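Given the structure is predicted, the values throughout are model-derived calculations rather than measurements.
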Amino acid sequence: MVVTLIGYRGTGKTSVAPPLARRLSFASIDADAELERRAGMTIREIFESEGEPGFRARERGLLAELLTRDRLVIAAGGGAILDSATRRQMRAAGPVVWLRARVETIERQVAADPATRDRRPALTADGGRCEIESLLAVREPLYRETASLTVDVDDRTVDEIVAQIAPFVAAAASESNPSGSSRP
């Protein structure tokens, strides 16, 4: 079973994945960080050299690989749900948790994260709040379609978010494996 955390950048996927994985006795991985490690470039540099299509191709390939593993929590990139095959693979691999936040929360979190400024490209010409609103208009229906659980993260701690997700994952694991034996 793989648990995939989805949502817009700044919603806490990277922060939630490790403690959730510890609570579940799973491993965790941040897909964007792993993609950067493998490419030897930041996401911004990948966008500059290969454009968004090149980045998305790398992202699809990485997620296709990660989603075949077992006992893993993935913090997926915010746009990973744009690809229909990736959405299907996420759902087939296990629970998909949408970390949802208000635009104001996302804007505040993105502005407070120096890594976002240094390593992530602007995805629209407008940037800032306009970018968040326009991309959410496209992505929210895809997040909703893909998610098996939606968690509102506004004004909540990582521990509170993990405490909401863990029982859901445990129940999903029990349903997928009613005999209680572990997967080979």
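Heavy-atom minimum distance, Pro18 versus Ser28: CA-OG, 3.6 Å. Closest non-hydrogen pair, Glu59 versus Ala80, comes out as OE1-CA, 3.6 Å. Ile46 and Ala39 make their closest contact through CD1-CB, 3.7 Å (heavy atoms, listed as atom of the first residue, atom of the second, distance). Across all their heavy atoms, Ala21 and Ala27 have their closest contact at CB-O, 3.5 Å. In terms of heavy atoms, Phe168 sits closest to Ser148 at CZ-O, 3.3 Å. When every heavy atom of Ala101 is checked against every heavy atom of Ile106, the shortest pair comes out as O-CD1, 3.7 Å.
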Fill in: side-chain contact (heavy atoms from CB on, under 4.5 Å) between Val169 and Met1, intermediate numbers included
CA-CA 9 Å; Val169 173; Met1 169 185 285; 3.9 Å; yes

Worksheet entry | From CA spacing to verdict: salt bridge (Lys or Arg N to Asp or Glu O under 4.0 Å), Arg56, Glu50 | CA-CA 10 Å; Arg56 295 293 175 205; Glu50 302 174 17; over 6 Å; no

Worksheet entry | Working for side-chain contact (heavy atoms from CB on, under 4.5 Å), residues Val2 and Asp70 | CA-CA 6 Å; Val2 174; Asp70 192 27; 5.9 Å; no

Discussion item. For Thr11 and Gln109: C-alpha separation, side-chain torsions, deciding distance, then whether side-chain contact (heavy atoms from CB on, under 4.5 Å) applies.
Written reply: CA-CA 8 Å; Thr11 57; Gln109 292 296 106; over 6 Å; no

Discussion item. Is there a salt bridge (Lys or Arg N to Asp or Glu O under 4.0 Å) between Glu104 and Arg108? Walk through the geometry before answering.
Written reply: CA-CA 6 Å; Glu104 297 79 16; Arg108 185 177 62 249; over 6 Å; no

Item to complete: Output, in order, the C-alpha distance, side-chain angles, deciding distance and verdict of side-chain contact (heavy atoms from CB on, under 4.5 Å) for Val97 and Thr4.
Response: CA-CA 6 Å; Val97 181; Thr4 308; over 6 Å; no

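Looking only at atom types and distance, the side chain of Gln164 has a donor-acceptor partner in the side chain of Arg156 under 3.5 Å away.
In this structure, CD1 on Ile165 lies 5.5 Å from CG on Leu5, to the nearest 0.5 angstrom. With values rounded to the nearest 0.5 angstrom, Arg58 atom CZ is found 11.0 Å from Ile43 atom CD1. Here CD1 of Ile74 is found 11.5 Å from CG of Asp32. Values are rounded to the nearest 0.5 Å. Within the model, atoms CZ of Arg69 and CG of Leu72 stand 6.5 Å from one another, a figure rounded to the nearest 0.5 Å. One finds the OG1 atom of Thr105 at 12.0 Å from the CZ atom of Arg100 (value rounded to the nearest 0.5 Å). The CD1 atom of Ile81 lies 6.5 Å from the CD1 atom of Ile6; values are rounded to the nearest 0.5 Å.
Panel note: side chain Tyr143, backbone Thr150; no donor-acceptor pair is recorded below 3.5 Å. No side-chain donor-acceptor contact under 3.5 Å links Asp152 to the backbone of Asp154. Side-chain N or O atoms of Arg71 include one that pairs as donor or acceptor with a backbone N or O of Ser25 at under 3.5 Å. Counting only distance, with no hydrogens or angles, the side chain of Lys13 and the backbone of Gly7 share a donor-acceptor pair below 3.5 Å. Glu65 contributes no side-chain N or O that, together with a main-chain N or O of Leu62, makes up a donor-acceptor pair within less than 3.5 Å. In this structure a side-chain-to-backbone donor-acceptor pair under 3.5 Å is missing from Glu36 to Met41.
Ion pairing of Glu34 with Arg38 is present here, as a side-chain N (NZ or NE/NH1/NH2) and a carboxylate O approach within less than 4.0 Å. With salt bridges taken as basic N to acidic carboxylate O contacts below 4.0 Å, one links Arg102 and Asp155. Looking at Arg91 and Glu145, a side-chain N of the basic residue comes within less than 4.0 Å of a carboxylate O on the acidic one, giving a salt bridge.
Looking at Trp98 and Leu149, their side chains never come closer than 4.5 Å, going by heavy atoms from C-beta outward. Side-chain contact between Leu35 and Phe55 is present, with heavy atoms from C-beta onward closer than 4.5 Å. Under the 4.5 Å side-chain criterion, counting only non-hydrogen atoms from C-beta, Gln89 is not in contact with Thr68.
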